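Notes to accompany the following structure.
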Amino acid sequence: MSIYDTLNAEQQKAVFRTEGPVLILAGAGSGKTRVITHRIAYLIDELGVNPWNILAITFTNKAAGEMRERVDKLVGFGAESVWVSTFHSMCVRILRRHIDLLGYQNSFAIYDTDDQKSLMKEVMKSLNIDPKMLKERTILSAISNAKNELSSPLHYREEHQNDYTEKQIADAYDEYQRRLYKNNALDFDDLLMKTVELLTSHDEVRENYQNRFRYIMVDEYQDTNTAQFEIIRLLSGKYRNLCVVGDDDQSIYKFRGANINNILDFEKVFPDAMTVRLEQNYRSTQNVLDAANAVIKNNVNRKSKSLWTDHGAGEKIRFRQFDTAYEEARFIAEDIEDQVSRNSRLNYSDFAVLYRTNAQARVLEERFVLASIPYNIVGGTNFYARREIKDLLAYLKTIDNGVDDIAVERIINVPRRGIGQTTIARLQEYALQNGLSLFGAMERAGTIQSMGRTSVKIKPFVDLISSLKTYAQAAKPSDVLKRIIADTGYVEELKDSDEEDAEDRISNIDELISKVTDYEESVIEGVPTLSGFLEEVALVADIDQVEGGEKVLLMTLHSAKGLEFPYVYLAGLEDGVFPGEMTIQSGDEEEMAEERRLAYVGITRAKDVLTITCAKSRMLRGETRYNPVSRFVREIPAELMDSAPAKKSWHFDDDDTPFADYDGGADSYRGYGSSGSYGGSAKGASSYYGDGGRGRKGNEGYENTRGYGSVAYMDRQNNYDRSRGSYGGGSGPSAGSTGSGRRLKATYVKPHTAEEKKPFIARANDSHARTSSLGGSGRMGGLAKGADIVGAAPDYGPGDRVMHVKFGEGTVKAVEQAPRDYKVTVDFDEFGTKVMYAGFAKLEKL
DNA sequence: GTGCCTGCTCACGGG
DNA sequence: GAGCAGGCAC
């Protein structure tokens, strides 16, 4: 028996047809990764193809790694020579070798979104474009679209002569590109476009790669854009052994240029293509698939297919509607806890919570912390987007690529060197006049007339960078980083500062050092370089950063593409959230279709149990919104669900009574109550801050979350700290007018019936009782902060035992009055001595 | 040059 | 809610 016998007939067809163009339409969970890996194995083992001649393109680095691993298991040897990578990584690899042919230096930098914004600001300033008339985001997104469609500045200008705005964008595109070139930098879209340019304009390079890549496979083909299509068209131009795998129903990246016609028109572009349909699903239950099919069939213009499984019907889809997002989050957290404690075979990593927007993670995170459930938030605030990390990376970039002005500008006065805007402007002017980079101008600062005394301040920076550059020539990247930290005194300055989150920033820096070290260890061929590390950083996707472990994963629907979980919660299924307000308002059919595909992706992530939740009201950008149940939920036949949403949608009445014409609430609540796992306490306007995770205060759950999610929170806390005086404003615990939760409470909402009210009362009493001691540990709600921080002295003093949500138990060593709060020194049993502000630490006296 | 305050604007998804 | 630019005082 061979490894191919385990494949079904259609899968085998896709594996064995190795020559010529092949389109595999692979429904969700139909085993497409198996097909690709077996195809690679077949090429190597059965056809004797040199692994070196195979290219497989995946959507994320994580997927690339997993694919390589799986191929490795299937073939005897040689898997490591197969080129498995993402489009962007592959392009970087090609460009590092050949971009000098296009006039760039091979050590080019890769600009992320922030870098792009900084550069665009300068472009707009130099072109006198009024940021009020034309937003930098608008221009950047126009440029991005142009690049994804392979439209050069020149071409763009020719095509866009219609009005003043278009001409301005054309000017900006031109100047932006000029400056990227001057900084020896490429943005993300350039990586693709410059590769096309290279392969088109240099026959010898193109032929070289065409000869090498005799067999090309592309995963997630439905999300490729025009530039990516062109790259694979060029690369496969000689042998035409191109196999693309995708699902038009899962095309969800139009906003970043994905061209769904790449998959819809594949057979037109390659008339000799063989098409294989994989419709048998190996992942989910029939109920889940029926729901997914029912939703997606509302889209027109798709390659019709219908998923089926022999797994059986499975559990019905659970639907729960709540009054607020807080209760929704609480249900999800407690439900997961409940499932895990009832079934010993279940692990936290069997669960995922998916949502439309990253902002929804916040409330969920709060509940997970309170319930001590280990979790990981994918994305949101990217580790590499953190201030201290960006600062240090800018140092590395400056050392690595001396002409990157954006990097130099970032660090020129970090740590403070007394170099301000005026000086920088003078340097820039001098650089412009003399055709120098910013750093080049700084090197000559002594000779610049207008500089005067300030040139004294510039010299130490120039010396620092020069000596680091010399050092970097022979040192490991990690040593360079350590040297930067030492020479700039970056960490020392953080330690001395009274910044709230200095500690977290320092631990982030430690994390960065270990990431550099990891990188050095991961380099198999050649030597680890700064460019190599910076490149890895630039191309890392949110999902790539997720470590394993027994944790619930919280992420956007977009991030969840390609993943599967036994238990999936789809949260916030409300019109206005998902589909989003903008999609609904736009009235654009195709936009709605893309949202629907996203819903399809979400539903099909579930293997066994799918739970859909929504809230009648939620805070969106500071205001309470009342949203009806998502149309996507209403597209699921009632018989597939354990409780159905109201048939008639309800709305916010003119007389300010929410839910006035809501007629189906009882149905959904009955279902909810009968599930038994939550005891029907969905009601309860005032209960959402109280409950302290059922008395479990272990720090395990929290400690496991030291990922970006929790750190990101620290940022928000600080922002709060800076925001005009609601912190420590002295208005007293009960005032708390800034608290979002509190505001919600005030406008809220009568329970619908006496019957529904009962469990709420019982629960509410319970939670009120706890609020006094534990309510303050809510990490996020404005209410918790507003109410707790007020300048009353803490109820503990030196010698008292206290509990901290993150560090566990400890003994108070000192309490001292600081300007706006009390500074408390605590010796924690497990984490040692920490100094913290009482208002933020939320210590609980034991 | 720096730090703080205020008012304004914007709002999805991500390599 | 949150980030940012601009204004102001030191």
Side-chain angles (χ1 to χ4, degrees), chain A residues 58-63 85-92 110-114 116-117 121 131-132 135-138 141 144 148 186-192 220 223-225 227-228 252-258 354-360 362 378-382 384-385 413 416-424 454 457 535-545 555-561 572 576-586 591 594-595 597-598 601 619-625 712 715-720 722-726 738-740 743 780-782:
Chain A
T58 57
F59 200 69
T60 62
N61 294 301
K62 191 173 176 237
S85 89
T86 65
F87 269 106
H88 287 87
S89 307
M90 175 183 75
C91 290
V92 169
I110 301 166
Y111 274 7
D112 64 18
T113 315
D114 282 354
Q116 288 180 283
K117 277 191 197 147
K121 271 181 202 154
K132 287 201 182 72
K135 309 269 172 291
E136 85 207 8
R137 260 184 325 109
T138 314
S141 116
S144 178
N148 287 328
L186 304 186
D187 65 20
F188 281 122
D189 303 311
D190 277 341
L191 296 176
L192 306 173
E220 306 286 6
D223 284 319
T224 52
N225 61 34
Q228 290 166 328
I252 55 173
Y253 279 100
K254 184 156 181 272
F255 71 93
R256 71 178 206 218
L354 311 182
Y355 37 79
R356 178 64 178 87
T357 65
N358 279 309
Q360 293 167 251
R362 209 173 145 161
V378 179
T381 310
N382 186 314
Y384 291 107
N413 199 31
R416 304 231 175 287
R417 301 183 174 93
I419 306 173
Q421 271 315 305
T422 321
T423 311
I424 295 173
T454 34
K457 295 177 178 165
E535 176 181 314
E536 201 171 281
V537 167
L539 298 182
V540 73
D542 285 333
I543 196 73
D544 295 336
Q545 302 181 56
M555 71 186 102
T556 62
L557 289 147
H558 281 90
S559 289
K561 191 174 77 159
V577 175
F578 184 33
E581 189 70 34
M582 286 197 281
T583 305
I584 296 170
Q585 293 301 330
S586 77
E591 256 189 62
E594 175 132 328
E595 293 280 301
R597 291 193 289 269
L598 195 55
V601 168
M619 292 286 278
L620 276 175
R621 297 175 225 130
E623 59 174 315
T624 306
R625 302 291 304 262
D715 252 14
R716 295 185 201 114
Q717 209 170 39
N718 273 343
N719 290 332
Y720 184 83
R722 282 191 289 123
S723 75
R724 41 213 95 125
S726 46
T738 55
S740 50
R743 201 185 306 151
M780 302 212 161

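Letters A, B, ... are given to chains in the order of the sequence lines, protein chains preceding strands, and every chain is numbered from 1. Everything numeric in this text was worked out from a predicted model, so none of it was measured.
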Exercise for review: Classify the angle between the aromatic ring planes of A/H558 and A/F255 as parallel (below 30°), tilted (30 to 60°) or perpendicular (above 60°).
Suggested key: perpendicular
Exercise for review: Establish whether the base of B/dG13 is bridged to the side chain of A/N358 by a donor-acceptor pair shorter than 3.5 Å.
Suggested key: no
Review point. Are A/F255 and the base of B/dG13 stacked, counting only ring centres nearer than 5.5 Å and planes tilted under 30°?
Key: yes
Point to revise | Proximity to the side chain of A/Y253 - top-ranked nucleotide from B/dG14, C/dG1, B/dG13 | key: B/dG14
Practice item. For B/dG14, take OP1 and OP2 only and decide whether either is under 4.0 Å from a side-chain N or O of A/S559. Key: yes
Review point. Under the 3.5 angstrom rule, does the side chain of A/E595 hit a backbone N or O of A/T583 as a donor-acceptor pair?
Key: no
Exercise for review: Side chain of A/H558 only, please: which of B/dG14, B/dG15, C/dG1 is the nearest?
Suggested key: B/dG14
**Study point:** Closest to side chain of A/R356, choosing from B/dC12, C/dA2, B/dG15
**Key:** B/dC12
Heteroatom pairs (N/O) under 3.5 angstrom, protein to nucleotides 1-4 of chain B:
{"from": "B/dG1", "atom 1": "OP1", "to": "A/T423", "atom 2": "OG1", "distance (Å)": "2.6"}
{"from": "B/dG1", "atom 1": "OP2", "to": "A/T422", "atom 2": "N", "distance (Å)": "3.4"}
{"from": "B/dG1", "atom 1": "OP2", "to": "A/T422", "atom 2": "OG1", "distance (Å)": "2.6"}
{"from": "B/dT2", "atom 1": "OP1", "to": "A/G418", "atom 2": "N", "distance (Å)": "3.4"}
{"from": "B/dT2", "atom 1": "OP2", "to": "A/N413", "atom 2": "ND2", "distance (Å)": "3.2"}
{"from": "B/dG3", "atom 1": "OP1", "to": "A/R416", "atom 2": "NE", "distance (Å)": "3.3"}
{"from": "B/dG3", "atom 1": "OP2", "to": "A/R416", "atom 2": "NE", "distance (Å)": "3.0"}
{"from": "B/dG3", "atom 1": "OP2", "to": "A/R416", "atom 2": "NH2", "distance (Å)": "2.9"}

Exercise for review: Could you list the residues that satisfy ring pair (Phe, Tyr, Trp, His ring centres under 6.0 Å) with A/Y384, not counting sequence neighbours?
Suggested key: none
Check your understanding: Side chain of A/R256: nearest nucleotide among B/dC12, B/dG13, B/dG14?
Key -> B/dG14
Practice item. Remember a base hit wins even if backbone is also touched, and classify A/F87 as base, sugar-phosphate or nothing at under 4.0 Å, heavy atoms. Key: nothing
Review point. Hey, which of these two, A/I543 or A/E595, hits DNA chain B nearer its 5' end, going by closest nucleotide?
Key: A/E595
Check your understanding: Looking for any heavy atom pair under 4.0 Å, which part of the strands does A/D112 touch: base, sugar-phosphate only, or nothing?
Key -> nothing
Practice item. With the side chain of A/K121 defined as its heavy atoms from C-beta on, choose the nearest nucleotide among C/dA5, B/dC12, B/dG15. Key: C/dA5
Check your understanding: Is there a donor-acceptor pair under 3.5 Å between the side chain of A/D223 and the backbone N or O of A/A258?
Key -> no
Practice item. Report the residue from A/T58, A/N225, A/T224 that forms a side chain to side chain contact (heavy atoms under 4.5 Å, CB included) with A/F87. Key: A/T224
Review point. NA contact type, A/S89, heavy-atom cut-off 4.0 Å: base, sugar-phosphate, or nothing?
Key: nothing
Review point. Does A/V577 reach the side chain of A/Q360, with side-chain heavy atoms less than 4.5 Å apart?
Key: yes
**Study point:** Nearest listed nucleotide, side chain of A/T113, among B/dG13, B/dG15, C/dA5
**Key:** B/dG15
